[in-house]
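Accompanying notes for the structure given below.
Per chain, numbering begins at 1; letters A, B, ... match sequence-line order.
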Amino acid sequence: MKEEDIIQELFDKTELSYPIAGMEEAVLKKIAIKNVYKKKQQVFNWIGKIGVLTAICLCFFFTLTIGEADMFYLFLGAPFILLLLMFPLETIFKQTIKQ
Amino acid sequence: MDDLYIKRVLKGELAAYGYLVRQHQATAMRTAMSIVKNETDAKDIVQNSFIQAYESLSKFRGEAKFSTWLCRIVTNKSFRFIQQKGRQISVQKHPLNQDLPITYNEGLFQLHKKDLEALLKKGLNQLSEKEALCVQLFYLEEYHLDEIEEITGFTKSNIKVLLHRGRKNLYQHLEKGINKQQ
């Protein structure tokens, strides 16, 4: 018998199986967790965007209504103040996502 | 059948992906094992490959079979894994039933299925990653050269050389394994 035929016949006789018990459950579970993580991440991103936009609008409105030149600096600095305030919020959200 | 389940998964039915996992997990595992030679590592790679395949499913155009596409992901991840490990691959030992009196060739075919499996696994583990991969994809999974080219990224002539070398080396390892019993 040719070497090639022997090898083919040997492989035909066996399936060469490896232990794969629980693979399906593990994969589906990981995908489900990733999907939840993605949704939370999307929510967090939207809250962040809305928060920054709101801060800018409020500061702009505040500057217009008060009308003092000094308030312009508050208008410039307010988004950064809000971002600083959002850091602890971001930490809380990330901990929620990790859980 | 795979196309039907892929469509269901893309519509949002996660449970339908379970069918694809069940159908292709054995092939994926054998492909990963041929390269990384370690069951624990191979399992992790196969799991991550299935997850990546799920995330990229919308990009799957259906021109090739799902199994071919999945094997390509598994192959890429496996080679990246061994590169990262710096080729420190531990070879797993597969115990062989020592009791059977064996003569070569005839003896090979008279071996109990479990012993033959152990012998073949040991032989494949002794081959280089590329040789073992090509031999496994061609003889076990019965892929054509075109499909193996797509999965591995090797040229057809390279695949033929690897198959020839892999066959010869595997034959020698099987011969050594049988002769040890005599």
Distance (rounded to the nearest 0.5 Å) between A:Leu28 CG and B:Ile51 CD1: 9.5 Å
A:Pro19 versus B:Lys43, closest heavy-atom pair with distance: O-CE, 3.3 Å
Residue selection (most heavy-atom pairs with chain A, distance under 4.5 Å) from B:Gln136, B:His164, B:Gln25, B:Met29: B:Gln25
A:Ile20 CD1 to B:Gln47 CD distance, which is reported to the nearest 0.5 Å: 11.5 Å
B:Glu117 with A:Lys13: basic N within carboxylate O range, under 4.0 Å: no
B:Lys59 NZ: over 12 foreign heavy atoms closer than 6.0 Å: no
Interchain contact, A:Lys29 with chain B, by part (heavy-atom threshold 4.5 Å): neither
Shared hydrophobic cluster, A:Met23 / A:Ile33 (ILVMFWY, side-chain heavy atoms < 4.5 Å): no
Rounded distance [0.5 Å steps], CD in B:Gln52 versus CD1 in A:Ile31: 11.5 Å
Verify same cluster id: B:Val161, B:Ile159 (apolar side-chain graph, 4.5 Å): no
Over-ring placement of B:Lys121 relative to A:Tyr18, 6.0 Å and 45° cut-offs: yes
Partner chain A: residue of B:Phe138, B:Phe50, B:Tyr54 with the largest heavy-atom pair count (under 4.5 Å): B:Tyr54
Part of B:Leu124 lying under 4.5 Å from any heavy atom of chain A: side chain
Residues, nucleotides or ligands: over 12 heavy atoms within 6.0 Å of B:Lys77 NZ: yes
Cluster link A:Val36 to B:Tyr17, ILVMFWY, side chain under 4.5 Å: no
Non-hydrogen side-chain atoms of A:Gln8 and B:Arg167 separated by less than 4.5 Å: no
Within-4.5 Å side-chain heavy-atom neighbours: B:Glu142 and A:Asp12: yes
Segment of B:Tyr139 engaging chain A (4.5 angstrom heavy-atom cut-off): both
Gap between atom CG of B:Leu140 and atom CG of A:Leu10 - 0.5 Å precision: 11.5 Å
Rounded distance (nearest 0.5 Å) linking atom NZ of A:Lys38 with atom CD of B:Glu55: 4.0 Å
